[in-house]
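One structure is given below, encoded as structure tokens.
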Number of protein chains: 2
Amino acid sequence: MVLIILKMSKKASEHISPVLNIPIFRNLPEPAGRMLDGILVRREFSRGENIFIEGSESTGFYIIMKGRVKVFKLSSDGKEQILHIVGSKELLGAVSAFAGNPYPAHADAMEKTKALFFPRKDFLALIKNEPSVVMNMMANLSMRLQYFTRMIEDLSLKEVPGRLAAYLLYLSRQPGYSETVEIDISRGQLASLLGTIPETLSRILRRMSEKGILEVSGRRIKLLKKKTLHDIVNGEKAGL
Amino acid sequence: MVLIILKMSKKASEHISPVLNIPIFRNLPEPAGRMLDGILVRREFSRGENIFIEGSESTGFYIIMKGRVKVFKLSSDGKEQILHIVGSKELLGAVSAFAGNPYPAHADAMEKTKALFFPRKDFLALIKNEPSVVMNMMANLSMRLQYFTRMIEDLSLKEVPGRLAAYLLYLSRQPGYSETVEIDISRGQLASLLGTIPETLSRILRRMSEKGILEVSGRRIKLLKKKTLHDIVNGEKAGL
DNA sequence: ATATGTCTTTGACTTATGTCAAGAACGTAA
DNA sequence: TTACGTTCTTGACATAAGTCAAAGACATAT
């Protein structure tokens with residue numbers, strides 16, 4: 001039923017299935033693309049809506065088309081640690097779906113989010129016929145592993161100012177930013193991503209402003225002394 | 001009994017390439033196994049020897065056959081954080097070799113280690129012909145991702161006693177252990193694995209002994225109050 | 001056995017960061 | 001606008017954990 005709606009929503013003007021633009025489906029032949037159109041289920045989530053919870057059985061995975069999703073763990077006292085933020089064209093819950101394990105974390109939509117759901121059984125059938133999909137997914141997993149490797153390093157080796165500095169410098173290397181970066185998440189969320197609490201983050205931002213390293217105005221932050229930020233990442237105290 | 005097993009494994013090797021017992025090569029046809037015998041390079045490392053360093057180019061990956069290898073990061077002041085310990089039948093450096101990235105961490109042999117080296121170019125050739133290898137590797141990567149997810153949670157959500165308790169309980173669930181566990185790494189290494197320093201670990205072990213939660217004698221630790229350990233994992237202070 | 005080097009433990013001290021509580025700033029809806 | 005709820009900031013405080021330094025235990029080799 002949902003499948004029919006999907007099909008109808010696709011205009012004949014599109015001679016190439018748009019799903020073939022999704023990284024893990026790159027290089028697939030066109031017939032496979034048409035087949036995917038019939039398998040993938042469109043789903044929408046509103047801001048703050050839960051997509052899955054930790055421990056629940058994985059029935060498939062999501063390809064995020066629009067919006068952002070936070071994947072996070074909760075401690076026994078309700079504090080959350082964001083593991084990562086999944087954005088457009090990225091996969092959500094793929095590892096669990098592949099391995100057949102329950103989801104290891106919670107996922108909430110951070111804003112209005114559109115996604116395609118890929119049922120596990122259909123996915124397992126697809127990879128039998130199209131091994132290249134597995135190759136693409138492995139590249140995807142590899143990147144995630146490298147990201148996590150780095151995150152473990154950040155969380156365990158550096159103090160909060162170092163983690164913040166690393167994050168700001170990372171943002172400044174993203175396309176469109178250089179001297180000024182726009183933090184696209186709230187202070188509290190950023191604190192969680194850095195493995196700390198809003199109070200601590202707030203204090204550190206103030207101290208960095210006082211030292212003339214940053215200029216903070218809401219979610220817009222100007223990096224005045226990038227060199228000092230690099231030093232902080234490398235463990236320098238920089239008089240904070 | 002041991003002799004019989006030994007004999008059988010020797011006999012079997014005359015008919016089936018032993019490499020086909022390695023998880024990622026499971027289900028490969030015998031001809032591929034013989035081909036692998038000609039590709040894999042036997043390498044040995046002595047205790048403490050470096051296998052690769054962070055940032056160096058990845059020319060292939062290792063399959064550990066005997067011994068253990070620690071994969072770790074170094075902070076600017078030389079402090080190390082162990083990411084994981086790779087043991088028998090496990091892969092070392094596979095992500096980098098697959099993605100063609102430099103190694104993201106250092107790897108040192110913790111003891112005399114025997115490994116098979118799989119050159120990157122040969123591996124890329126193999127997966128073209130044998131997609132099932134990629135499936136097996138993806139299962140491997142998935143497990144690693146889940147492990148890292150858990151590790152990030154441990155490092156960021158829990159205090160050191162909680163991480164220690166989680167590790168001890170994890171060991172006690174391993175085959176062969178229940179009330180008493182044998183820590184197979186030195187105090188300093190364990191500290192690094194838990195994201196702390198030997199001094200702190202030492203103090204916490206003492207406090208737990210004083211409270212009658214543990215009984216420590218060298219690398220042998222008796223878990224006297226498992227329930228309390230669980231409470232500590234869940235954030236209870238337990239009067240430490 | 002003795003000596004040498006490494007690993008581990010302990011104590012005194014410092015510091016980064018979390019907790020608690022209150023006020024300020026901000027956004028949203030009436 | 002005002003009022004309300006949320007988020008952010010700030011201060012005083014508590015504490016977990018790191019640093020430094022020294023002593024003790026342990027293992028290895030001579």
Side-chain angles (χ1 to χ4, degrees), chain A residues 46-48 75-81 110-111 154-165 183-211 214 216-221 232-233 235-240, chain B residues 46-48 70 75-82 108 110-112 154-165 183-211 214 216-221 232-233 235-240:
Chain A
S46 45
R47 180 185 146 84
S75 64
S76 49
D77 59 343
K79 217 169 33 183
E80 78 177 36
Q81 161 72 38
M110 297 174 71
E111 50 200 62
D154 285 351
L155 284 173
S156 60
L157 255 39
K158 291 200 251 312
E159 296 161 344
V160 179
R163 292 178 230 157
L164 172 63
I183 296 182
D184 50 358
I185 52 178
S186 75
R187 286 280 193 286
Q189 305 271 285
L190 177 57
S192 162
L193 193 63
L194 298 177
T196 185
I197 56 174
E199 293 97 315
T200 297
L201 175 60
S202 187
R203 281 182 245 273
I204 291 169
L205 280 171
R206 175 159 51 90
R207 278 184 279 165
M208 284 187 172
S209 296
E210 285 165 4
K211 289 281 165 189
L214 304 177
V216 184
S217 56
R219 291 191 176 186
R220 193 173 299 271
I221 295 181
I232 292 172
V233 170
E236 298 286 334
K237 296 270 171 287
L240 293 174
Chain B
S46 44
R47 179 184 148 84
K70 67 173 174 188
S75 64
S76 49
D77 58 343
K79 217 169 36 183
E80 77 178 38
Q81 161 72 37
I82 296 180
D108 282 1
M110 297 174 72
E111 51 201 60
K112 201 170 182 324
D154 286 351
L155 285 173
S156 61
L157 255 38
K158 291 201 244 325
E159 296 162 343
V160 179
R163 292 179 231 156
L164 171 62
I183 295 181
D184 52 358
I185 52 178
S186 75
R187 287 281 192 287
Q189 305 272 284
L190 176 58
S192 162
L193 194 63
L194 298 176
T196 185
I197 55 175
E199 291 97 317
T200 297
L201 175 60
S202 188
R203 282 182 245 272
I204 291 168
L205 280 172
R206 174 160 51 91
R207 278 183 280 166
M208 284 187 172
S209 296
E210 285 165 3
K211 290 282 166 189
L214 304 176
V216 183
S217 55
R219 293 192 174 184
R220 192 173 298 271
I221 295 180
I232 292 172
V233 170
E236 299 286 335
K237 296 268 171 287
L240 294 174

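Below, chain A is the first sequence line, B the second, and so on; all start at residue 1.
When all heavy atoms of B:Ile197 and B:Ala191 are compared, the closest pair comes out as C-CB, 3.5 Å. When every heavy atom of A:Val216 is checked against every heavy atom of A:Ser209, the shortest pair comes out as CG2-OG, 3.4 Å. Heavy atoms only, all atoms of each residue included: B:Gln81 and B:Leu193 are closest at NE2-O, 3.9 Å.
Side-chain to base pairing of A:Arg219 with D:dT7: no donor and acceptor N or O lie closer than 3.5 Å to each other.
To the nearest angstrom, P of C:dA21 lies 12 Å from CD of A:Glu199. The CD1-P distance, from B:Ile183 to C:dC7, rounds to 17 Å in whole Å. The distance from atom CG of A:Leu205 to atom C1' of D:dT7 is 14 Å, rounded to the nearest whole Å. Atom CD1 in B:Ile197 sits about 10 Å away from atom P in D:dA17, given to the nearest Å. A:Ile204 has its CD1 atom 8 Å from the P atom of C:dG18, to the nearest Å. Look at CZ on A:Arg47: it is 12 Å from P on D:dT6, rounded to the nearest Å. Atom CD of B:Glu159 is separated from atom C1' of C:dA16 by 14 Å (rounded to the nearest Å). Note: CZ (A:Arg163) to C1' (C:dG18) measures 12 Å, nearest angstrom.
With D:dT9, C:dT9, C:dT19 as the candidates, the nucleotide lying closest to the side chain of A:Pro198 is D:dT9.
Along DNA chain C, the nucleotide closest to B:Arg187 and the one closest to A:Pro161 are compared, and the more 5′ of them pairs with B:Arg187.
For A:Arg206 and D:dT10, the shortest distance from a side-chain N or O to OP1 or OP2 is below 4.0 Å. The phosphate of C:dA16 (OP1 or OP2) has no side-chain N or O of A:Thr200 nearer than 4.0 angstrom. The phosphate of D:dA17 (OP1 or OP2) has no side-chain N or O of B:Arg203 nearer than 4.0 angstrom.
With respect to the salt-bridge test (charged N to carboxylate O, under 4.0 angstrom), the residues A:Arg203 and A:Glu199 do not qualify.
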Would A:Ile232 and A:Met208 count as a side chain to side chain contact (heavy atoms under 4.5 Å, CB included) here? Give the steps. CA-CA 11 Å; A:Ile232 292 172; A:Met208 284 187 172; 3.9 Å; yes
